[in-house]
Chemist: 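I have a structure here, written as structure tokens, and I will follow up with some questions on it.
Chain A is the first sequence line, chain B the second, and so forth, proteins listed ahead of strands; every chain is numbered from 1.
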There are 2 protein chains.
Amino acid sequence: MNRTWNQYVVKQENKTLVLSTIIEQTPISRASVAQVTGLNKGTVSSLVSELIDEELVEESGPGESNGGRRPVMLLFNGKAGYSLAIDLGVDYLLGTIIDLDGNIFYEKKRQLQSTDFDVVFPFLTDFIKHLMAQVPKSRYGIIGIGVGVPAVISNQGEILLAPNLNWKKIKLKEQLEQQFNLPIYIENEANAGAYGEMRYGFEQTPKHMVYASIGIGIGVGMILDGQLYSGLNGFAGEAGHMTVVKDGRTCRCGNLGCWERYASEQALIDEAIDRKLIEHNQEEPFHNLIELADQHNQAAIDLFKEIGTYIGIGLTNTINIFNPEHVVIGNQLIDAEQWIAPTIEAYINEHTIGFHQNDLKVSFAKLQAYSTVLGMAAFTIEGFLLKQRDA
Amino acid sequence: MNRTWNQYVVKQENKTLVLSTIIEQTPISRASVAQVTGLNKGTVSSLVSELIDEELVEESGPGESNGGRRPVMLLFNGKAGYSLAIDLGVDYLLGTIIDLDGNIFYEKKRQLQSTDFDVVFPFLTDFIKHLMAQVPKSRYGIIGIGVGVPAVISNQGEILLAPNLNWKKIKLKEQLEQQFNLPIYIENEANAGAYGEMRYGFEQTPKHMVYASIGIGIGVGMILDGQLYSGLNGFAGEAGHMTVVKDGRTCRCGNLGCWERYASEQALIDEAIDRKLIEHNQEEPFHNLIELADQHNQAAIDLFKEIGTYIGIGLTNTINIFNPEHVVIGNQLIDAEQWIAPTIEAYINEHTIGFHQNDLKVSFAKLQAYSTVLGMAAFTIEGFLLKQRDA
DNA sequence: CGTTAACTTTGTCCATATGACAAACAAAGT
DNA sequence: ACTTTGTTTGTCATATGGACAAAGTTAACG
């Protein structure tokens, strides 16, 4: 059964159009909404009054006159509900409460002692209960829970494989749905980061964006035509396993010469140990390396440059394939920005095909450590607004 | 100004829904269309009668009864108009007249003696005039001209760079529009091939498909979510220039170790000359190599295997990034299918991350030499039907 | 400087048109 | 007598355009 178009759909679409206009351009008057959207003034009026009934939109005081009657300004009510967004890392949980505007209302980080799922899961549900207790009263309360995981996740929300956590085939979504009667969203950490950066990291939302999450491994989130692209089964973006060196180093994926064996935090640390820059089993090896570079240790600086070059190789490949507007680098590695950024930029400028360079911008994650949680929040918020519309 | 939804849009959308249902499932009755689309019987009836007025749909005789009144079968009228689709190669022009059903009504190939644009352009317009003379009478006549070019083409239809033709910044679309008062479509040859294969090469239209056009160079056309993805400026898909061997062979793009320096027809020929399998300046070196392999020449067979491995490397990279449903290999290299296919398949099976393999299919272009023209025809046909709808 | 009239902008209300839908109905079969 | 197909008719939801009221601004005039 295909989707048919009738008057109800028309209304739904127009209502979301009005709402998203208000969200994007808040504060805005009814008259401006009509002009921006192209809808009739009367139509806007009636849709807005419904949105006000639903407490998704509020009237603030009158605005500046434009040579006539003063407009009544409309605001999106970001406090109508809250999303719980969690970044599940290899050794930590970052939990946040985020309002509909994308503001972080509350945050808390807890360390994980084990990656064993039977230990992590109760810890996670306990953490969620803690977060739920902190959510302020509001019309819609908690609108959903989103969890970003460093894992390959199917379109159905099942964790297929999380190599760094040693998880396999875990139905996290189902399990959380059973515990909490709320909409649950599970996504790959890089995809969530990409979405977060697109939604909240730019003045002008980019149409095509590639987000490279470089941590222990490398994952890539792709925004194409303003939407997250996740492939046939939901596991696109395993760019970390593209071959950049034929017959190169073995990778845990079974392949040889994978990008993430040359350009990830893990690759950096492995090389640093090999070159005796740091000790085996040292704590915080990554930040120690940054410190070394800060202290003008040439070997450390050179190592960062090498890693930067490899990052550049992989990014250049994706740029040549995608012709994106923006390339954003996120996750752990942003802490070493000053030591790798110049190399990456130089490599890309020298090696991408000429046309790409005009409009291409390469930058580091503006949301820093919050890319993932904000992305997960955006997923839950959009799901909520869609459900709201259909009701 | 955003797109607003009103009753007119609803009608347009429903009308295209009805039409595409008829196209896809022809012959089909009004009642079945209603059931398949979910639209009301009356709605379908009135929309169909408009489509019949526009001669896009015809009634054929009565069909088989299903236990009641016999249905009137509806057919899409593929002869309501014709598209001129041209494959502009490095040394040939393949011109076709294609009806709205995607059937090739007429075809003609002409060799090009020079790649100089000032020579090619008059030759092309002359060729188009010849084709126009062969088009049969029909309600809508020639609905548009589509030209597939091995070049980087902007979203505005300008040829930015065609390395193998030695063209740069040529406004082919504008020039053809001036000569012929018809809708003109210019696209990259790989993009057109991808589109053609998606539309006419499958029983079930794939959602996500990667088409690798492997000829002198390598271009990649991507179908994501059923649509051609062309990137911010229209020049996505330059995957031929991804680095597969760090510090490898120099490429004409200025980079080192590009995929197409190892996996293209040109790479094959260069290697063959190096290994003295064929002479320099020989005619048809590619097909001579195939003949050598056919004659059990082990060196030639090994060379094909090597090239196959490199093709596998690049395809594996794209698979890991895109998680597509299908990978299709097209252009010249399909002639060597029997000598490279096993190697490519073996490499992919061994090296893509496990999840991809379940639903992934790798095949060679079913439309063979017609992928590009059929893709260009599909572009013009879809453009025509859209314009028809809006009228 | 104050007053007033003319014009503008904003937002609501109402009549109208459109197109989908449901149901009744006719036609043509099993 | 029942089923399936296709048309017709009346109803309903919703966007639209224009009229209108409310609340300003601008500029001319005394």
Chemist: Can you tell me how far P of D/dT5 sits from CZ of B/Arg30, to the nearest Å?
Modeler: 12 Å

Chemist: Tell me, please, which residues at least two apart from A/Glu177 pass salt bridge (charged side-chain N to carboxylate O under 4.0 Å, His left out).
Modeler: none

Chemist: Using atom CE of B/Met73 as one end and atom P of D/dT5 as the other, report the distance to the nearest whole Å.
Modeler: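 The answer, rounded to whole Å, is 9 Å.
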
Chemist: When you measure from the side chain of B/Asn40, which nucleotide among D/dG6, C/dA22, D/dA15 comes out closest?
Modeler: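 My answer, after comparing the listed nucleotides, is C/dA22.
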
Chemist: Does the structure show a Watson-Crick or G-U wobble partner for C/dT30, both distances under 3.5 Å? Name it, or say none.
Modeler: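 The answer is D/dA1, by the H-bond criterion.
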
Chemist: Is it true that A/Arg199 and A/Glu382 make a salt bridge, defined as a side-chain N closer than 4.0 Å to a carboxylate O?
Modeler: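 Looking at A/Arg199 and A/Glu382, the cut-off is met.
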
Chemist: What orientation do B/Phe384 and B/Tyr140 show, parallel under 30°, tilted 30 to 60°, or perpendicular over 60°?
Modeler: perpendicular

Chemist: Rounded off to whole Å, could you give me the CG-to-P distance for the A/Leu47 and D/dA13 pair?
Modeler: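 Answer to the nearest Å: 16 Å.
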
Chemist: Under the side chain to side chain donor-acceptor pair (under 3.5 Å) definition, can you give me all pairs with a residue in residues 62-80 of chain A, not counting sequence neighbours?
Modeler: A/Lys79-A/Asp99

Chemist: Nearest whole Å is fine: how far is D/dA15 P from A/Glu50 CD?
Modeler: 9 Å

Chemist: Quick one: does any side-chain atom of B/Thr26 pair with a main-chain N or O of B/Ile23 as donor and acceptor, under 3.5 Å?
Modeler: no

Chemist: Going 5' to 3' along nucleotides 3-9 of chain C, which nucleotides have protein heavy atoms under 4.0 Å from the base (write B), which only from the sugar-phosphate (write S), and which from neither (write -)?
Modeler: -----BB

Chemist: What is the distance, to the nearest angstrom, from the CG atom on A/Leu39 to the P atom on D/dG17?
Modeler: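 Atom-to-atom, A/Leu39 to D/dG17, this comes out as 11 Å.
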
Chemist: How is A/Val72 classified with respect to the nucleic acid when contacts are heavy atoms under 4.0 Å: base, sugar-phosphate, or nothing?
Modeler: sugar-phosphate

Chemist: Ignoring hydrogens and geometry, is there a side-chain-to-backbone donor-acceptor pair from A/Asn155 to A/Leu232 under 3.5 Å?
Modeler: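 Looks like yes, one N/O pair under 3.5 Å.
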
Chemist: How many Å lie between NZ on B/Lys11 and P on C/dT18, as a whole number?
Modeler: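 In whole Å, C/dT18 P and B/Lys11 NZ are 10 Å from each other.
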
Chemist: Within the 4.5 Å heavy-atom criterion, are B/Tyr229 and A/His208 side-chain neighbours or not?
Modeler: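 Answer yes - side chains close enough.
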
Chemist: On DNA chain C, does the nearest nucleotide to A/Ser46 precede the nearest nucleotide to A/Tyr8 from the 5' side, or the other way round? Give the residue.
Modeler: A/Ser46

Chemist: Could you tell me how far apart A/Gln35 (CD) and C/dT10 (P) are, to the nearest whole angstrom?
Modeler: 8 Å

Chemist: Could you give the CD-to-P distance, from B/Gln7 to D/dG17, as a whole number of Å?
Modeler: 10 Å

Chemist: Please work out if B/Lys41 contacts a base, only the sugar-phosphate, or nothing of the nucleic acid, heavy-atom cut-off 4.0 Å.
Modeler: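 Answer is base: heavy atoms of B/Lys41 come under 4.0 Å of a base.
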
